[in-house]
Amino acid sequence: MSSLWRWSFVLLISCAANAQTEKAPPSEVAGIPVNYDEARVGTYTLPDPLLLADGKPVRDAKTWNEKRRPEIVRLFEENQYGRAPGRPAGMRFEVFDKGTPAFDGKAIRRQVTVHFSENPAGAKMDLLLYVPAHAAKPVPFLLNASFSANSNTVDDPGVKVGEVWGPDKKKVPASQGRRFGKIDVARLIDAGFGFGTIYYGDIDPDFAGGIQYGVRAQFLKAGQAEPAPDEWGTISAWAWGLSRAMDYLETDKGVDAKRVAILGVSRLGKTVMWAGAHDTRFAMVIASCSGEGGAALSRRNYGETIAHLTAPSRYPYQFCANYGKFAEHVDKFPVDANMLVALMAPRPVLLQTGDKDFWSDPKGEFLAAVAAGPVYRLLGKQGLDTEEMPAAGVGICHDIGYFMHAGGHGTIPSDWDRYLKFMQMHLGR
C-alpha cells in the first residue's frame, strides 16, 4: 500500500469516526434533528455578494476590491469566524534544519519553529517543508494543514518528533497520538511542487476550554478569560497560523510565494477556506469536505447546520460566539458560503467532496460555487458555468473547481490526481 493511499484511507476512516460517516448518517445530533430530504430543504434567498451594504450594485473590479470585498470580510469576522490579530511584532523564525537532502536526494528538507512571541516558552508551531533539490528557480508550493504532528504526516526519519494533544488536555509524543497516515511528498516533488505542513494543534487545541493552552491566550486582555463575541475561535486561529507560515515562506528563496496553495480536510477544509478568503497572499485553496461552516450553504436545511455546529456539546469554540445567534435564525445570517467562495476571486479554488458525504452537504457546496460565479466573471475569471451538478468522478477545473469522489467524508487516492491537475493548470511548474 503506497504512502499516499495509506494517508488517504486512514484520514477517510478517522474523519468518519469523528462524527461524520457515509454509512450511517445521523438522524439526530446534539438533540437536533438532521434533514437529508431535498423536499424538506426549504426556500431561501442568498445574500448577494455584488450588492453593497448601502444597496448599490457592484459593477466593476475597483468597487469589489475597495468596497464590497472588505465589507464581506468584516461580516464574516464579526458573525462567524471572529476577528484575529495581525502578525505579532515579536514573532521570529528559528530555522533548525537549514537544508537536508531527503527522499533519495530528490528534495531538500527544511524545518522551522515559528515563535509567535519573543517569549521562548510562548506559543509556537513547527513548519516542515520540502523543495525539489535541483529546481532552477523558486517553485510553486502546497501548504497542508494537518491533524497530526509533522513526524506523523510525512514518512521521513529526519523530521523532528513532534507532540500532539492527547487525553486530559495534555500533549503527548506524536507516536502515542492518533495516526492519520502519510502524505506522498515525493509525488509532489516529482511534479515540480514544494510541500509544507503544520500541525493545527501547535496553534490552538481542538477542544472546548482550550484557549489557555493555545495562541489565543497570548492576545487576551488583562482580566479577559474568553475572546469577545466577535473575536476569533479556533478555526480563525488555525487560519491565522497558516498566514504565519506564509510569513516564513515569503522569506524562503526556494519557494515562489506568489504561487502557494493551501489544503485542508473537514474542519481544516473550513480553515483553509477562511485563510484563503482572509489572506489574499494565498494563490489557491483546495478545501476537502469543508461542509457547514465552510463551503456548504447555511441556508439549506440539509445535513449539518449552524445549530449543530454551535450546540454546547459540539464545536462552538471553533467560531466566534456571535455565530450561535443564527442557529435558529439562519435567515438573519448576513453572509453565506457563496460569499466565502467569492472572497477567493479571482484566485482559483477547488471544492472536493464525496457524493455520500450527506452530513457535509455536497450539493450545498456545489450551489455555493455556482452562486459565487458572478464575482469571478466580474473579475474576468471563469466560474463553474453550469447549474447542473456533475456526477461523482466528473470534475470541473475552471477558476472555481468542483469534484466529488464516489464515497464519503475525507480523501481517497483519486482526489490527489485532481489536486495535482488543478495545481498544474493554475499554478504551473
Side-chain angles (χ1 to χ4, degrees), residues 44-86 230-232 235-236 239-240 242-243 246 258 262 270-285 287 290 293-300 306 319-320 322-323 325-326 329-351 364-385 387 398-402 426:
Y44 55 85
T45 300
L46 293 177
D48 189 344
L50 292 178
L51 199 65
L52 290 164
D54 62 8
K56 296 179 181 178
V58 177
R59 301 191 187 279
D60 54 72
K62 185 174 187 292
T63 305
W64 167 260
N65 288 316
E66 295 183 4
K67 294 184 178 181
R68 184 53 173 160
R69 190 182 193 285
E71 281 182 353
I72 297 173
V73 169
R74 284 195 300 272
L75 288 171
F76 274 108
E77 286 178 330
E78 294 167 0
N79 297 286
Q80 183 168 347
Y81 300 108
R83 294 180 293 107
D230 65 345
E231 290 181 334
W232 53 348
I235 285 176
S236 186
W240 180 91
L242 286 167
S243 290
M246 185 62 165
K258 300 296 185 183
I262 47 177
K270 307 181 206 303
T271 298
V272 297
M273 285 298 298
W274 177 233
H278 190 264
D279 188 341
T280 58
R281 293 178 299 172
F282 294 116
M284 174 186 291
V285 164
S290 63
L297 292 175
S298 295
R299 281 168 169 78
R300 268 176 56 87
I306 296 176
F319 304 89
C320 71
N322 281 341
Y323 192 43
K325 296 190 302 184
F326 306 103
H329 303 283
V330 67
D331 58 311
K332 304 297 184 184
F333 193 35
V335 290
D336 213 319
N338 62 312
M339 301 169 85
L340 184 65
V341 176
L343 287 177
M344 278 301 302
R347 297 160 296 152
V349 55
L350 174 62
L351 308 181
E365 292 197 20
F366 173 75
L367 293 174
V370 170
V375 177
Y376 274 77
R377 290 191 290 273
L378 178 75
L379 302 180
K381 296 296 182 177
Q382 188 175 16
L384 292 182
D385 289 355
E387 295 186 3
H398 301 161
D399 294 293
I400 302 178
Y402 181 86
H426 297 288

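Computed from a predicted model, the values in this text were never measured in an experiment.
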Could you check whether any side-chain N or O of [X] sits under 3.5 Å from a backbone N or O of [Y], counting only pairs where one atom can act as donor and the other as acceptor?
{"X": "Thr63", "Y": "Val58", "value": "no"}
{"X": "Trp240", "Y": "Pro85", "value": "yes"}
{"X": "Ser290", "Y": "Ala295", "value": "yes"}
{"X": "Tyr81", "Y": "Thr271", "value": "no"}
{"X": "Gln80", "Y": "Gly293", "value": "yes"}
{"X": "Arg377", "Y": "Gln382", "value": "no"}

Show the atom names and distances, to 0.1 Å, of all donor-acceptor pairs under 3.5 Å that link a side chain in residues 273-280 to residues at least two apart or in another chain.
unit_1, atom_1, unit_2, atom_2, d
His278, NE2, Glu77, OE2, 3.0
Asp279, OD1, Arg281, N, 3.0
Asp279, OD1, Arg281, NE, 3.1
Asp279, OD2, Ser243, OG, 2.7
Asp279, OD2, Arg281, NE, 3.3
Asp279, OD2, Arg281, NH2, 2.9

Minimum side-chain heavy-atom gap [X]-[Y] below 4.5 Å:
{"X": "Leu350", "Y": "Tyr402", "value": "no"}
{"X": "Pro57", "Y": "Leu50", "value": "no"}
{"X": "Leu384", "Y": "Tyr376", "value": "no"}
{"X": "Tyr44", "Y": "Asp331", "value": "no"}
{"X": "Met284", "Y": "Val349", "value": "no"}

(request) Please determine if Asp399 and Arg347 form a salt bridge, counting it only when a charged side-chain N lies under 4.0 Å from a carboxylate O. (result) no

By ring pair (Phe, Tyr, Trp, His ring centres under 6.0 Å) - contacts of [X] (at least two apart):
{"X": "Phe282", "value": "none"}
{"X": "Phe319", "value": "Tyr323"}
{"X": "His398", "value": "none"}

(request) Identify, with sequence neighbours excluded, every residue that meets salt bridge (Lys or Arg N to Asp or Glu O under 4.0 Å) alongside Lys62. (result) Glu66

Output side-chain donor-acceptor pairs under 3.5 Å for residues 332-339, partner residues at least two apart or in another chain, one line each.
unit_1, atom_1, unit_2, atom_2, d
Asp336, OD1, Ser298, N, 2.7
Asp336, OD2, Arg299, N, 3.2
Asp336, OD2, Arg299, NH1, 3.1
Asn338, ND2, Pro47, O, 3.1

(message) What's the separation between atom CG in Leu340 and atom CG in Leu75, rounded to the nearest 0.5 Å?
(response) 12.5 Å

